[in-house]
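Notes to accompany the following structure.
Source: prediction; values computed, not measured.
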Amino acid sequence: MVILNMEVLVPECEIIGNPVLPPESGVSISNSMRADQFNSAPGSTARSTLTTVTRSNENTPVIQRPMTGNPSNMIPRPSDNAQVFQPTVQPSYRPAPNYRNHGTIMKNDAPARIIPISALNPYQGRWAIKARVTAKGEIRRYHNTKGDGKVFSFDLLDSDGGEIRATCFNALVDRFYEAVEIGKVYVVSRGSLKPAKKDYNHLNSEWEIFLESQSTIELCPDENSSIPAMRFTFTSIDKIEDSENNAIVDVIGVVTSVNPSATIQRKNGMETQKRTITLKDMSGRSVEVTMWGDFCNREGLQLQEMVERGAFPVLAVKAGRVNDYSGKSVGTISSSQLLINSDLAEAHNLRQWFDCGGRDASSQSISRDFTPAASRNEIRKTVAQIKDDGLGMGDKPDWVTVKATVVFFKTDSFCYTACPNVIGDRQCSKKVTKSDSGNWLCDKCNQEFTECDYRYLLQLQIQDHTGTAWATAFQEPGEELLGCSARELYMFKENEDPRYTDVLLQGLYRQYLLRLKVKEETYGDERRVKNTVFKVERIDPSAESKFLLDHISRLTGSY
């Protein structure tokens with residue numbers, strides 16, 4: 001047992017009895033030696049329940065067992081020639097110099113033991129981790145009912161591969177923002193652990209650190225090799241084509257084209273920079289990567305200059321978000337990292353492949369529908385087959401493509417009031433309600449806004465030659481079906497503008513390829529299958545004809 005702290009209850013006490021030192025023993029004796037090493041004076045009862053703490057060296061105190069009961073009943077009396085020894089009273093324990101002058105020690109102020117990130121949990125009173133900063137976000141400002149505030153986060157990686165995000169608010173932003181640098185190793189101690197919000201946090205820890213006033217961050221300047229600089233789990237571009245929307249992936253490829261940076265306006269009225277580049281790899285696929293914000297003028301400008309002079313760099317993207325609107329693409333988020341011509345083994349392999357013939361190898365883009373949808377490997381179903389084949393009844397949803405016509409829109413409620421707040425590079429979009437102050441209140445963000453956004457929640461009926469079915473379309477598919485934003489259509493309806501009816505009629509009786517997510521859900525006590533439209537494509541007659549001819553050839557070839 002190693003005692004880190006103690007509280008002195010009795011600074012000095014009388015020596016109990018008359019302890020003696022046996023001739024064969026050379027140990028020092030304190031006023032609470034083991035009971036078999038001394039005897040009480042004649043006539044004394046020598047009862048004691050005190051426990052004395054002594055130190056065997058400067059930093060390691062040793063606790064000795066207390067005496068209990070009557071020693072005269074269990075200790076033999078010493079011989080007459082036994083040496084009488086006057087014991088030395090050990091001094092009271094004093095805290096180490098680093099922890100003096102704190103008054104009475106009421107809690108453990110000694111340094112916490114360093115543990116792996118994977119071992120962190122909210123039930124630990126004191127902890128410390130040693131990790132490298134792999135990403136650092138910008139300072140973001142916010143406003144809620146408590147007033148204005150600011151926040152920033154940084155990601156940590158330790159030697160065991162554990163990753164976790166640390167977040168600082170307000171005064172801690174001023175204290176730690178300049179001190180934390182990407183690539184350096186720190187010992188981080190103290191702070192509260194809360195469940196990580198996986199919608200915004202892609203790291204492998206289920207917790208997130210929220211630093212507090214007593215938190216410490218200490219630089220480890222001599223740490224270079226024990227902790228990796230960054231941890232990648234690369235997904236080849238052909239596998240990204242099958243990834244879920246909003247999935248976080250690491251991707252690496254050769255940059256074949258870079259578009260100029262452009263300024264766009266977000267839905268909250270703020271302006272930001274956007275730049276798109278194209279990556280290709282050895283899978284025979286290419287993908288569009290969208291850079292946002294500072295990435296455009298930092299890494300984006302460097303990539304543009306390299307491509308313009310004929311050098312096609314290898315780019316590794318750490319933590320990009322998959323977007324499946326109009327094809328699959330990858331976009332940067334606040335915690336993304338971009339490495340140009342890194343020393344990774346995968347980068348060297350791509351460089352060799354590209355220089356030895358990969359430059360001229362054909363590649364098929366998975367972004368922005370450069371490939372006709374009908375020629376892609378999709379599961380094509382009819383409306384009747386959704387029910388007949390029992391789609392959506394399993395643990396996971398079924399994804400199918402249906403060629404169908406929209407025959408009806410529900411117009412009583414086609415949109416909802418949405419939160420306009422942007423967190424990182426994503427809009428909150430949760431439903432907001434009117435508060436007593438007349439502002440719009442978001443329960444998730446715990447903020448009020450003078451204006452709200454409007455987003456589609458469109459109920460529609462689709463039909464093909466086999467039957468009809470109901471489906472739900474949200475923002476992007478709704479805009480594709482109706483050709484205008486939810487806000488515009490809402491204003492047309494509120495102002496009794498005739499364009500409201502025109503927009504709805506123009507969206508009817510058109511044939512589309514609809515990418516559907518089919519999943520059984522529970523509404524009250526009733527379970528029913530819900531069809532959600534995730535993608536809307538106009539029919540390309542040429543591509544559809546090729547698809548049908550190919551389907552016919554497969555059918556005839558099977559007989």
Side-chain angles (χ1 to χ4, degrees), residues 137-153 167 169-170 173 194-201 208 210 245-246 263-272 274 292-293 321 323 325 331 333-334 409-460 472-497 499-500 503-504 521 523 530 532-534:
E138 298 295 326
I139 297 176
R140 305 191 306 274
R141 301 186 182 275
Y142 62 88
H143 176 79
N144 57 25
T145 54
K146 297 180 181 180
D148 295 329
K150 53 187 176 182
V151 60
F152 92 99
S153 300
T167 300
F169 287 90
N170 300 323
V173 174
K194 298 180 182 179
K197 296 180 179 179
K198 289 303 180 181
D199 288 343
Y200 309 104
N201 188 337
E208 183 171 343
F210 286 82
N245 187 39
N246 291 327
T263 301
I264 66 169
Q265 189 173 33
R266 293 183 181 273
K267 294 178 180 179
N268 63 348
M270 301 292 290
E271 289 187 346
T272 187
K274 176 183 178 182
W292 297 95
R321 176 179 283 128
N323 189 308
Y325 177 64
I333 57 179
S334 59
F409 290 114
K410 277 189 176 181
T411 58
D412 52 346
S413 177
F414 59 86
C415 67
Y416 69 96
T417 52
C419 176
N421 190 31
V422 175
I423 304 173
D425 62 339
R426 297 180 64 189
Q427 183 177 340
C428 171
S429 299
K430 294 295 183 181
K431 183 176 176 61
V432 294
T433 55
K434 269 289 182 70
S435 65
D436 295 337
S437 64
N439 293 328
W440 295 96
L441 173 64
C442 176
D443 292 332
K444 179 181 178 182
C445 298
N446 194 26
Q447 295 186 46
E448 290 189 2
F449 305 91
T450 56
E451 297 289 339
C452 69
D453 194 13
Y454 293 86
R455 295 181 67 85
Y456 277 118
L457 181 59
L458 196 60
Q459 304 294 324
L460 59 143
T472 302
F474 289 94
Q475 183 70 353
E476 286 80 7
E479 291 178 344
E480 192 71 30
L481 288 168
L482 294 177
C484 73
S485 68
R487 177 183 289 274
E488 289 176 316
L489 191 60
Y490 177 80
M491 293 303 173
F492 290 161
K493 183 179 180 180
E494 288 294 298
N495 298 327
E496 299 181 355
D497 192 315
R499 286 177 290 180
Y500 170 70
V503 169
L504 293 174
E521 295 184 357
Y523 299 88
K530 180 180 180 181
T532 304
V533 182
F534 268 77

**Message:** Is it the case that the side chain of Lys197 and the backbone of Glu208 share a donor-acceptor pair, with hydrogens and angles ignored and the cut-off at 3.5 Å?
**Reply:** no

**Message:** Between Val533 and Leu458, does the side chain to side chain contact (heavy atoms under 4.5 Å, CB included) criterion hold? Intermediate values first, please.
**Reply:** CA-CA 10 Å; Val533 182; Leu458 196 60; over 6 Å; no

**Request:** Measure the spacing between SG of Cys415 and NZ of Lys493 and express it to the nearest 0.5 Å.
**Result:** 8.0 Å

**Item:** Listed partners of Arg499 passing side chain to side chain donor-acceptor pair (under 3.5 Å), at least two apart
**Value:** Asp497

**Asked** Any side-chain heavy atom of Lys274 sitting closer than 4.5 Å to one from Trp292?
**Response** yes

**Request:** Check whether any side-chain heavy atom of Thr417 sits under 4.5 Å from a side-chain heavy atom of Lys431, and report yes or no.
**Result:** yes

**Note, Asp148 side chain near Tyr142 side chain (heavy atom, < 4.5 Å)** = no

**Asked** Between the main-chain N or O of Ala418 and the side-chain N or O of Ser429, is there a donor-acceptor pair closer than 3.5 Å?
**Response** no

**Message:** Counting neighbours of CG on Asp436 that are heavy atoms of other residues, nucleotides or ligands and sit closer than 6.0 Å, is the number greater than 12?
**Reply:** no

**Message:** Tell me the closest heavy-atom pair linking Leu460 and Thr472, and the distance in Å.
**Reply:** CD2-C, 4.4 Å

**Prompt:** Is a side-chain N or O of Gln427 found less than 3.5 angstrom from the main chain of Cys419, in a donor-acceptor match?
**Reply:** yes

**Message:** Determine whether a donor-acceptor pair (N or O, by modelled atom type, separation under 3.5 Å) exists between the side chain of Tyr456 and the backbone of Ser485.
**Reply:** yes

**Prompt:** Do Leu441 and Lys434 come within less than 4.5 Å of each other through their side chains, counting heavy atoms only?
**Reply:** no

**Prompt:** What are the two closest heavy atoms between Gly137 and Phe152, and how far apart are they?
**Reply:** O-CD1, 4.0 Å

**Message:** Is any side-chain heavy atom of Leu482 closer than 4.5 Å to one of Phe414?
**Reply:** no

**Prompt:** Does a side-chain heavy-atom distance below 4.5 Å link Phe474 with Leu457?
**Reply:** yes

